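Okay, structure first, notes after.
These numbers were taken from a predicted model, which means no experiment stands behind them.
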Amino acid sequence: MESATLTRLAPGSIRLARLRSVRPAAWARIALAAMCLAALVGYLAFPTYPTYDSFYALLWGRDLLHLHLPDFRVYRGPTEHPLAIAFGIFCSLFGQGGARLMVLGSIGSFVAAVAGLYRLGRLCFGPVVGVLAGLLLLSRFFDENLAAQGYLDISYVALIVWAIALEVERPRRGLPVLGLLAAAGLLRPDAWVLSGAYWLWCTWPPRTLRSDAARAQGPDLAGVPGSSAADVPGSSAAGREEAATRVRYLALAASAPLIWVLVDLIVTGSPLFSLSSTSGLAHELGRTSKGLPSVISSMATFTVRIDKLPVVLGGLAGVALAIWLTPRRVGAPLAALLLLLATFIAEGGVGASVIDRYMLGGATVLLLFCAVSLGGWAMLEPGTLLRRAWIVAAAALLAYGISAAATTVSLDNLRTTLAYHEDFHKGLAAALHDRTVEAALRRCPLLSLPNNKLIPDARWILDSVGQRNIVARSQARADVARRAHGLENRIRRGSVAVYPLGSAVFFKAIVDIGDDPRDQVPLAGFKPIYTSRYYAVYANC
């Protein structure tokens, strides 16, 4: 024993060993906490406000909170989303702070989507792919911009991603997955297709539920070749339970469209109001497609806009690699991706709106397969030629993505956009709360805006229930073209008019390129009563 020597490890080696001993679940919790902290810092650093659709959800929720039936037939109103309106009721409890709370909900949904995509990648293809999938979503500035402006689509994506992850974790899980899909279906009708497909997956063929009943009876017959619920004593009871389960699943799968139709029926008297109004507005705004080739072309364009070309190419390659490498584990995410893409094509084909945000679900799932292209080598045996070649190819794809991002992504533009969004809302609030403007509004309670885009902001700022006294000059001009002069006469008889100035004129969220320039010119007889950097206010009373 005298010849034995002790070797003391260097402090760096001890620290490295301790880091390696930390379990992946602990690292995941640390990463989640860091994401939450970063999201909170960003939320406080850029105090943005909800976008058009979200503001209306907030307003309609406030109407319900005050026991007023919301008005879905407003000028160029967005499609109502029942779950968003329910969240709007909650946010409205906090007064004017509810608008910021709506944005916080969207930012929280983005963090949840990142965490869900990591979990999905880890369950399907291992921790390396999971981490890369989460990082890919975290680096999508398109998604982050939507989250910072309170878009409802981010919450929809988070629900879809977690539904897929829960299904992968336990196939045919049933109620939890259907519950998430039902919630997603109250934000976007695309999820109705996923809910229907998942119900079929869980309940067909019938022997699927019978085998579950057999396992519930005990281990004796479960797993025996050829055994089923018919071999189990009391199989008639198992059959009744199977039928009841199928009905429960069907009720949950159908709940979202039924609730949507019921809300439309109660508020408008038309159970299909959302469908008809969305199609009509899409046609008016030029958002409809011109045939199937146009829809497919738009789908490709939007996917590249959201994910960027290197990620899309990596995603397409990752689909093939995942099918080849892990065919059994790729089923749920691949089926969801195909269904989401097919639904987008079908909706565009029947005349619904074709816009980039509606591709957000499919584009997010595609990130998972790009992560397979970047990190799938971790599933191969160490030291093999194939693994080395895969690492080299993944490094080349990563370099391509970084170089493309360096030439196309501008953080300054993102910061400028968010700052303008805040400044324009606060500037409008300052204008409408000016003493002179408030006095004019008391004398002439009709407020006119250039178009529909500032109406929800103005309604929220003025705490207005209903929209009768807040109108758009573009609507009055459209009425005149149809030889209806009622709204134009109301504006001319006595009203207060807001006109965007400076950079606000060129900001798409306020003034659209299709607006008539005459709506930006003060009417005869109106005198200026307020001017700021972004707005001028005129009145004729």
Side-chain angles (χ1 to χ4, degrees), residues 31 34-35 38-39 41-42 45-46 110-111 113-115 117-118 120-122 124-149 154 157 161 296-325 333 337 341 356-357 359-380 385-419:
M35 273 198 306
V41 170
F46 297 98
F110 178 73
V111 173
V114 173
L117 200 61
Y118 157 75
L120 177 59
R122 180 175 63 82
C124 289
F125 309 111
V128 173
V129 172
V131 169
L132 289 170
L135 289 175
L136 282 171
L137 180 54
L138 200 58
S139 62
R140 298 306 94 191
F141 292 114
F142 184 94
D143 301 61
E144 292 175 347
N145 185 32
L146 296 186
Q149 297 183 57
I154 301 298
V157 168
V161 168
I296 296 175
S297 175
S298 298
M299 181 175 67
T301 301
F302 296 158
T303 306
V304 171
R305 183 180 301 170
I306 297 169
D307 284 348
K308 306 307 177 188
L309 183 58
V311 174
V312 173
L313 296 177
L316 296 175
V319 170
L321 290 170
I323 294 173
W324 166 68
L325 193 60
L337 175 62
L341 297 181
D356 50 14
R357 290 185 289 109
M359 267 301 300
L360 206 58
T364 302
V365 178
L366 189 63
L367 296 176
L368 173 67
F369 293 101
C370 183
V372 173
S373 292
L374 291 172
W377 51 265
M379 292 183 282
L380 302 177
L385 179 61
L386 180 58
R387 179 178 169 124
R388 292 171 181 168
W390 194 329
I391 291 175
V392 172
L397 177 62
L398 182 62
Y400 174 36
I402 293 174
S403 63
T407 57
T408 58
V409 175
S410 174
L411 291 177
D412 289 337
N413 287 342
L414 177 62
R415 283 193 291 266
T416 300
T417 299
L418 295 180

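Under the 4.5 Å side-chain criterion, counting only non-hydrogen atoms from C-beta, Leu321 is not in contact with Phe369. Looking at heavy atoms from C-beta onward, Phe110 lies in side-chain contact with Leu137 at the 4.5 angstrom threshold. Within the 4.5 Å cutoff, no side-chain heavy atoms of Lys308 are placed close to those of Val304. Considering only heavy atoms from C-beta on, Asn145 comes within 4.5 Å of Gln149 through its side chain.
What you find for Val111 and Ala39 is that their closest heavy atoms are CG2-CB, 3.8 Å. Nearest heavy atom pair, residue Met299 against residue Thr303, reads O-OG1, 2.7 Å. In this structure, Ala113 and Val161 approach most closely via the heavy-atom pair O-CG1, 4.0 Å. What you find for Leu397 and Gly314 is that their closest heavy atoms are CD2-CA, 3.8 Å. Considering all non-hydrogen atoms of both residues, Tyr400 and Leu309 come closest at OH-CD2, 3.6 Å. For the pair Gly376 and Val129, the tightest heavy-atom approach, listed with the atom from each and the gap, is N-CG2, 4.0 Å.
One finds the CG atom of Leu135 at 11.0 Å from the OH atom of Tyr118 (value rounded to the nearest 0.5 Å). Atoms CZ and CG, on Phe125 and Leu325 in that order, are 8.5 Å from each other to the nearest 0.5 Å. Note that CG of Leu136 is 6.5 Å distant from CG of Leu132, once rounded to the nearest 0.5 Å. Considering CG of Leu366 and CD1 of Ile306, their distance stands at 10.5 Å, rounded to 0.5 Å. Between atom CG of residue Leu398 and atom OG of residue Ser373 there is a gap of 12.0 Å, rounded to the nearest 0.5 Å. One finds the CD1 atom of Ile154 at 5.0 Å from the CG atom of Asp143 (value rounded to the nearest 0.5 Å).
Just one of Leu360, Asp307, Leu146, Val114 meets the side chain to side chain contact (heavy atoms under 4.5 Å, CB included) condition when paired with Arg140; it is Asp307.
Side-chain atoms of Trp390 never come within 3.5 Å of backbone atoms of Gly375 as a donor-acceptor pair (strictly under, hydrogens ignored). Not one N or O on the side chain of Arg122 forms a donor-acceptor pair closer than 3.5 Å with the backbone of Gly130.
Among residues two or more places apart in sequence or in another chain, the salt bridge (Lys or Arg N to Asp or Glu O under 4.0 Å) test is passed with Arg305 by Asp356.
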